[in-house]
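What follows is a set of notes on a single structure, which appears directly below.
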Amino acid sequence: MLPGGKWGPILKGLDSDKDFFGFSSSSLFLQHTTDSHKHKDKHKDREHRHKEHKKDKEKDREKSKHSNSEHKDSSEKKHKEKEKTKHKDGSSEKHKDKHKDKDKEKRKEEKSKSSGDVKIKKEKENGFSSPPRIKEEQDDDGFYASPKEDFKPLKRPREDDDVEYKPKKIKTEDIKKSKKRKQEEEEDIKVKKAKSKDKKAPDGDNKRKKQKKEEEQKWKWWEEERYPEGIKWKFLEHKGPVFAPPYEPLPENVKFYYDGKVMKLSPKAEEVATFFAKMLDHEYTTKEIFRKNFFKDWRKEMTAEEKSTISNLSKCDFTHMSQYFKAQGEARKQMSKEEKQKIKEENERLLKEYGYCVMDNHKERIANFKIEPPGLFRGRGNHPKMGMLKRRIMPEDIVINCSKDSKVPPPPPGHKWKEVRHDNKVTWLVSWTENIQGSIKYIMLNPSSRIKGEKDWQKYETARRLKKCVDKIRNQYREDWKSKEMKVRQRAVALYFIDKLALRAGNEKEEGETADTVGCCSLRVEHIKLHPELDGQEYVVEFDFLGKDSIRYYNKVPVEKRVFKNLQLFMENKQPEDDLFDRLNTSILNKHLQDLMEGLTAKVFRTYNASITLQQQLKELTTPEDNIPAKILSYNRANRAVAILCNHQRAPPKTFEKSMMNLQTKIDAKKEQLTDARRELKSAKADAKVRRDEKSKKTVESKKKAVQRIEEQLMKLEVQATDREENKQIALGTSKLNYLDPRISVAWCKKWGIPIEKIYNKTQREKFAWAIDMAEEDYEF
DNA sequence: GGTTGAACTTAGTAGGACCCGG
DNA sequence: CCGGGTCCTACTAAGTTCAACC
């Protein structure tokens, strides 16, 4: 039991009288998010009122930027002004310089690294041996994905080699497979067979390859010893990234008009123009910031003449271009099966060639082997940089990471990599610096890979360790509410929110660089309202802010009196745009958490509370007598409780209303059918009573069965309707993928005889293979 | 303690793949 | 077999964390 016993549905069932969010449990699934979405737009208007606000220290540092402190109505203007000043003072140059510096640093760092620690040995280490020799394969240049390119078969299929790499250890483990394991394999084979059916029938050679591949996929890395801290791999070889296809100029007959007159654009300017044209009917292109950013970046790509002519975006007419792209899209849809098949095959070829790497004797799937193509940046929410040109990434921007004794992927002909490094302290294969935020982007492995899976597993283990000491921590922070030190009090209240409401940590963000969103530590006074009494409840805090991805968090939460009083204290003498926790940031908070438990950080609470809620809810909601669909509904509801807790939202599907109506029609029809069937049963019964012969008895039986069948069908439909309605704007996927210990779900499936496929699709099963393999029905989070 | 950058996880969405009833 | 709808995947933005440096 928990101290205070006021932990809401995180720890209570749905039937508890007073739930977490302050409304009756029956409405738990709907209300929270429905409300949020309703107000989303309104909120967006408000969102930037305090955009320009910064902490005092920051103000001092950047006074020039903050000469204005007006709110709402002038925020647009402010943006413009800021952009102007930025450009005047040559911010783009600064930007470049910044990058240069970064590059230098990187190189420096790399030097020190490579001189010191990274020694890749060929001898056996940790049960692995590096491949003695790298196989020779013909490379096509791979600079871009061209469908025209000839298909060059690999000299030797990779699978063959991979099997050779396989350490003996694994083979022996394969022999002592459990029954369950075998079942799973059969599953896998089934799936594969089904798949290969729609494609070409595999020839004998292919089949053999497939089998070997399967063996490879069965690799149970979770039964092997882990690497020592910090070392991520011993051997890494890959083929480098796939670049975006080069720009293909528009046909002559597709015109661009400026000020009513046809104008032929230079290829560079034209390319950027097409990015805009493709988005023409998106509302983005009507937004002032978007247009301004776009136009500024577009002009940079123009020739001198173009620049002098094109001075006003409003005089640009992209409609012809836009029509052309729409027509092309149509044409693509109308393509024949053969053509579509061809494209599909080409994609598969690309995947086969570039989509995998070899890491420590195993072939592993890469998550994103394609370089992000150029385009216009689309930030989420009210992003100050929306519309900026995301430039094309060239080989010269690319850093390759692989082992020293691997075959380094060759750059496209006529090009060079920016750098090749051999850093086995990191997991990425390829990286480049993106030009919008100046941040680094990476190519990394798929979630099904050892390196990701291990980390994922570890994450849940940390959360389980938190379970053991969470009571202690909760007691601790309740004590801290009374502390004499302001900092400690703020820390304790913030932690309470993070724990109770599963808020994110909330790092500070550089203002003007991103949308104005907050998390716990960055909450501002304006984001909460205190109600000493609301709707019959005492000490209610009303939260209203935009979180990650500009998703609105709206919630009214009754809190303990001490918390309430503390909040009042924190808000004293502050402006709405001041930080609520002015003595706190994520680094202070996490340092404290680290002292409470090794490896504890703010986000562990989210994982912990999500997983424990799922487990709890599954226990509460699963009815043993229920059939499978009903049990799955229960699962979804448990999942939904977590999604609500974590505020995982989605836009209601565009077709929602319609499909809901369709479903209702079906239900109504089914109901009628049921009435009819019942009537028929009744008359059959009456008939049987009179006649008392075999035939009429049989009729009764069959009618009974019919009624039963229809009842079941109706049930199913109704379950479906409920499920869908409750799910309207809640996204289950995020929590399922990132917060819920998969072993809880696996155990639940085993306990109730639910096929795992009903809960996890193929990709998810691959990601959670470790959990599916190891969790038994008695698993406790 | 603050700042910054690198690395890695978490997030929603667009659009194509797929599926199912008529 | 077709059209409407759902599901899934790819994509990439937006967070968190940690370590280095000051």
Side-chain angles (χ1 to χ4, degrees), chain A residues 55 57-58 61 98 101-102 105-106 109 112 195 198 230 232 282 329 332-333 340 343-344 347 351 355 367-373 375 377-381 383 385-386 390 399 401 423 425-428 431 433-434 436-442 444-447 451-452 455-456 459 487 504-510 513-515 517-522 547-551 583 585-591 593-594 599-604 606-607 610 646-651 653-656 658-660 662-663 666 720 724 727 729 731 733-735 737-739 761-764:
Chain A
K55 284 181 218 156
K57 36 188 177 187
E58 285 166 328
R61 199 160 36 88
K98 198 171 146 198
D101 288 347
K102 264 191 209 169
E105 272 165 42
K106 236 184 260 166
E109 199 187 294
S112 59
K195 242 197 166 176
D198 350 310
K232 304 294 167 66
H282 202 291
R332 213 175 312 125
K333 272 186 208 155
K340 279 184 183 167
I343 292 172
K344 207 174 159 191
N347 284 336
L351 174 69
N368 55 327
F369 59 92
K370 288 179 186 157
I371 301 277
E372 296 173 19
F377 176 77
R378 308 151 80 129
R380 306 207 180 134
H383 198 117
K385 296 193 173 183
M386 62 169 88
K390 216 170 93 162
V399 181
N401 192 32
D423 182 357
K425 305 268 189 300
V426 296
T427 68
W428 53 268
S431 75
T433 302
E434 151 266 9
I436 304 290
Q437 315 276 5
S439 65
I440 307 172
K441 300 251 181 170
Y442 303 93
M444 291 184 186
L445 297 192
N446 200 60
I451 214 160
K452 293 287 179 192
K455 200 79 186 292
D456 206 37
K459 173 181 78 187
K487 187 180 140 185
R504 295 187 185 80
N507 287 297
E508 289 122 298
K509 303 165 60 179
E510 207 177 322
E513 298 288 305
T514 59
T517 62
V518 297
C520 185
C521 294
S522 49
K548 182 179 181 180
D549 294 313
S550 293
I551 296 293
R583 309 283 172 89
N585 61 39
T586 52
S587 141
I588 295 170
L589 179 66
N590 278 335
K591 243 172 224 154
L593 293 177
Q594 191 62 234
L600 186 60
T601 63
K603 85 188 184 83
V604 178
R606 250 169 104 80
T607 313
C646 294
N647 201 37
H648 290 142
Q649 298 189 29
R650 62 166 183 174
K654 284 181 195 94
T655 54
F656 186 83
K658 216 171 92 192
S659 74
M660 213 56 204
N662 287 348
L663 194 58
K666 268 192 207 166
Q720 205 186 341
R724 201 186 296 173
N727 231 18
Q729 46 199 180
T734 307
S735 50
L737 233 47
N738 300 300
Y739 289 104
N761 69 30
K762 186 166 161 278
T763 319
Q764 293 163 341

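By convention in this document, chain letters (A, B, ...) are assigned in the order of the sequence lines, proteins followed by strands, and residues within each chain are numbered from 1.
Checking the phosphate oxygens (OP1, OP2) of B:dG2, a side-chain nitrogen or oxygen of A:Asn585 falls inside 4.0 Å. OP1 and OP2 of C:dC7 both lie 4.0 Å or more from every side-chain N or O belonging to A:Lys762. Look at A:Ser439 and you won't find any side-chain N or O under 4.0 angstrom from OP1 or OP2 of B:dG5. Phosphate contact (OP1/OP2 of C:dT12, side-chain N/O of A:Tyr442, threshold under 4.0 Å): absent. At B:dG1, one or more side-chain N or O atoms of A:Lys487 fall inside 4.0 Å of OP1 or OP2 (strictly under the cut-off).
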Check the pair A:Leu445, A:Trp428 against side chain to side chain contact (heavy atoms under 4.5 Å, CB included), reporting the backbone distance first and the verdict last. CA-CA 7 Å; A:Leu445 297 192; A:Trp428 53 268; over 6 Å; no
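Among the heavy atoms of the strands lying under 4.0 Å from A:Lys232 are primed sugar atoms or P, OP1, OP2 only; no base atom is included. Among the atoms of the strands shown, none is found under 4.0 Å from any heavy atom of A:Ser587. Within the nucleic acid shown, A:Pro373 comes within 4.0 Å of sugar-phosphate atoms alone, with no base atom in reach, counting heavy atoms only. Nucleic acid contact for A:Arg606: sugar-phosphate only, since backbone atoms but no base atoms lie under 4.0 Å from a heavy atom of the residue.
Here C:dT9 presents its C1' atom at 11 Å from CG of A:Asn446, a figure rounded to the nearest Å. The interatomic distance linking A:Leu737 (CG) with B:dT13 (C1') rounds to 15 Å, in whole Å.
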What does the B/S/- profile of nucleotides 13-22 of chain C look like, 5' to 3', with a 4.0 Å heavy-atom cutoff to protein? SBSBBS----
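Under the salt bridge (charged side-chain N to carboxylate O under 4.0 Å, His left out) criterion, A:Lys390 pairs with A:Glu372, not counting sequence neighbours.
Ranked by how close their nearest DNA chain B nucleotide is to the 5' end, A:His282 and A:Asp456 are led by A:Asp456.
In this structure, the separation between CG on A:Asp456 and OG1 on A:Thr607 is 9.5 Å, given to the nearest 0.5 Å.
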In dot-bracket notation, what is the pairing pattern of DNA chain C, taking Watson-Crick (N1-N3 plus N6-O4 or O6-N4) and G-U wobble (N1-O2 and O6-N3) contacts under 3.5 Å, with [ ] crossing and | for other strands? ||||||||||||||||||||||
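Among B:dC8, C:dC8, B:dG12, the nucleotide with an atom closest to any side-chain atom of A:Trp428 is B:dC8.
In this structure, the side chains of A:Arg606 and A:Asn738 stay at 4.5 Å or more apart for every pair of heavy atoms.
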